[in-house]
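Following: one structure in structure tokens, then a few remarks.
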Amino acid sequence: MSHSRRQGGPAITARWPIALLAFSAACAGAPEAAQVRVAVVARDAADWTAVGLARATLVQLARLGPVWPANAAVAQRLVPTGADASPAKLAAAGARLHCGFVAVLDVRGRGEARIELTETASAARRLLGARGALNELPGLLALAMAGAMGLNISADERGKLLEPPQSTEAAAEALWQGDAARAPEEQIRLYEAGLKSDPSSARLHNHLGAALARAGQPERALAEFDRAIELAPGYAAPHTNRGLVLRQEKRWKEAEEALRTAIALEPKSATPHVALARLLDRVGNIVEAVNELERAVEADPCQADALMTLADFYFESYDLRAARRTAERLLEVEPDHVAALNLIGLIQLVPRDYEEAEATFLRALTAKPDDAETLSNLALALYGQGQKEAAIGVLQRVIAREPGHANAHLYLGRIYLAEKRADEAAAALQRAAELRPAMLAARQGLQSARSAAEASRRTGCGCLGVENPFGPLAASDVAAPLLPAALLLAPHAVRLARRRPRGSR
């Protein structure tokens with residue numbers, strides 16, 4: 001079956017170890033319409049040819065209706081690519097990515113590539129290979145993978161798979177090199193060189209527009225996106241990127257229209273859903289914004305920003321179970337995600353699991369030492385365990401290093417209020433309210449602290465006029481009225497930060 005291009009065309013090869021017959025049987029009965037998520041990663045992440053070919057192969061494969069692409073960047077980080085990686089480890093990575101299949105791609109020489117395809121459910125592995133021109137290889141590899149996965153492909157779908165994304169090898173190389181470049185100016189140079197070889201490549205025009213946007217040239221970027229749309233009206237990515245640039249330019253209505261068009265054209269991408277959610281959130285349409293974030297996570301279960309924002313929203317809505325489930329899902333793909341760890345730690349404070357919360361906050365500090373938000377939250381866990389002076393000391397150190405951190409002032413004020421140190425509580429809460437005037441917990445606590453201070457001056461006792469004097473209870477009981485205010489504040493601050501406009505990528 002194997003033959004060279006000089007003998008008549010591109011070649012696809014497959015080698016089946018006897019031990020993998022179960023893989024064949026499992027795939028043969030796969031329903032045509034069932035959705036399957038696939039990850040394709042490069043064996044050598046430093047090889048721009050391998051990385052570019054892997055991503056191009058996944059793009060081609062995702063043209064088939066049942067195939068949904070895994071998050072390429074997360075997959076490249078999570079999938080073990082060493083030659084000694086066992087099928088079990090590859091399958092475990094596939095499970096974390098919510099993938100049915102994981103493919104590791106090797107470039108064997110110019111115009112030749114091999115794929116090691118592992119099924120997540122069975123850990124069965126199959127080796128596939130293809131030879132051809134660089135611009136043809138993505139389609140050839142995608143076709144080989146589709147067959148190995150047991151997908152029934154029509155003649156029309158086969159033709160789409162084999163249609164080269166770029167018309168020349170030089171254009172494909174320029175695209176892949178540009179994607180690997182770091183500086184937008186270098187990307188622009190490479191993409192423009194590719195367009196000289198293939199001026200009708202919608203993908204190159206789209207990537208050039210994205211690089212121009214990153215280089216601060218929005219009008220030129222929009223022109224490139226428009227050209228990509230003109231060349232390929234059904235191509236969703238330039239609509240998405242156009243929406244991102246228009247949003248950056250504060251052309252809100254046009255941005256929304258572009259993003260909705262992208263979603264209609266390509267439901268498998270999370271990016272337009274996330275961008276549209278930010279637009280909707282900006283105008284106060286929270287319900288629809290959350291719906292878009294949930295759709296983003298359906299399209300890409302590894303979309304970190306959507307997962308974290310959803311977790312924050314569930315937390316603010318007092319759906320702590322959904323908040324924790326979503327944050328834990330994020331930790332599956334980003335174990336050191338500090339915001340997710342902080343959210344889980346705060347949730348652990350609700351049932352007074354102070355030791356567990358402390359361990360979670362310490363884990364976050366391992367990932368990001370001296371983080372003010374994490375240290376402030378840690379102080380609550382310490383206070384709940386009766387370590388009053390340690391908690392106060394942590395907050396004082398945070399304030400000394402970052403005097404503008406409002407949460408530290410709030411927590412310190414609430415602790416002082418619980419400890420009947422009314423004057424110190426008033427000073428700390430006053431500062432929190434000054435730093436963040438909209439912080440209701442600070443203003444309410446300040447009123448209580450002032451009432452307690454005034455009562456103390458009148459009677460010599462700080463027990464009158466206090467919102468809740470707490471009484472001579474155990475430390476955990478003293479902390480209990482303190483924690484709900486802290487819980488409400490921290491994620492809200494994170495979410496407000498996410499509302500700030502971001503540059504497009």
Completion exercise
For V36 and F101, the nearest pair of non-hydrogen atoms, with its separation, is CG2-CD1, 3.5 Å
Handout entry: Closest non-hydrogen atom pair between L435 and P403, with its separation
Key = CD1-O, 3.7 Å
Rounded to the nearest 0.5 Å, what separates atom [atom1] in [X] from atom [atom2] in [Y]?
X    : Y    : atom1 : atom2 : value
S201 : L175 : OG    : CG    : 6.5 Å
T81  : Q76  : OG1   : CD    : 6.5 Å
R37  : N71  : CZ    : CG    : 9.5 Å

Check this for me: does any side-chain nitrogen of one of [X] and [Y] sit under 4.0 Å from a carboxylate oxygen of the other?
X    : Y    : answer
E186 : R182 : no
E292 : R295 : yes
R220 : E224 : no
R242 : D226 : yes
R260 : E257 : no

[X] and [Y]: side chain donor to acceptor below 3.5 Å:
X    : Y    : result
Y191 : N206 : no
S167 : D198 : yes
T168 : S197 : yes
R203 : Y235 : yes
S376 : E373 : no

Any donor-acceptor N/O pair, [X] side chain to [Y] backbone, under 3.5 Å:
X    : Y    : answer
N135 : Q166 : yes
N241 : A210 : no
K368 : H337 : no
E249 : R251 : no
Q60  : E163 : yes
Q303 : A306 : yes
R63  : K160 : yes
N285 : D281 : no
R131 : G111 : no
R214 : E185 : no

Problem - Evaluation steps, side chain to side chain contact (heavy atoms under 4.5 Å, CB included), between I399 and H409 - result: CA-CA 7 Å; I399 291 169; H409 292 280; 3.5 Å; yes
Problem - Cation-pi geometry met for R247 and W252 (6.0 Å, 45°) - result: no
Exercise for the section: Using side chain to side chain contact (heavy atoms under 4.5 Å, CB included) as the criterion, list what pairs up with I188, not counting sequence neighbours. Expected result: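 Per chain and number, I188 pairs via side chain to side chain contact (heavy atoms under 4.5 Å, CB included) with E192, L208, A211, L212, A215, Q217.
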With side chains defined as the heavy atoms from C-beta onward, is the minimum distance between [X] and [Y] less than 4.5 Å?
X    : Y    : value
L53  : L141 : yes
P218 : Q248 : no
T57  : M145 : yes
L246 : L222 : yes

Practice task
Would you indicate whether K89, at its atom NZ, is surrounded by more than 12 heavy atoms from other residues, nucleotides or ligands within a distance under 6.0 Å?
Solution key: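 No.
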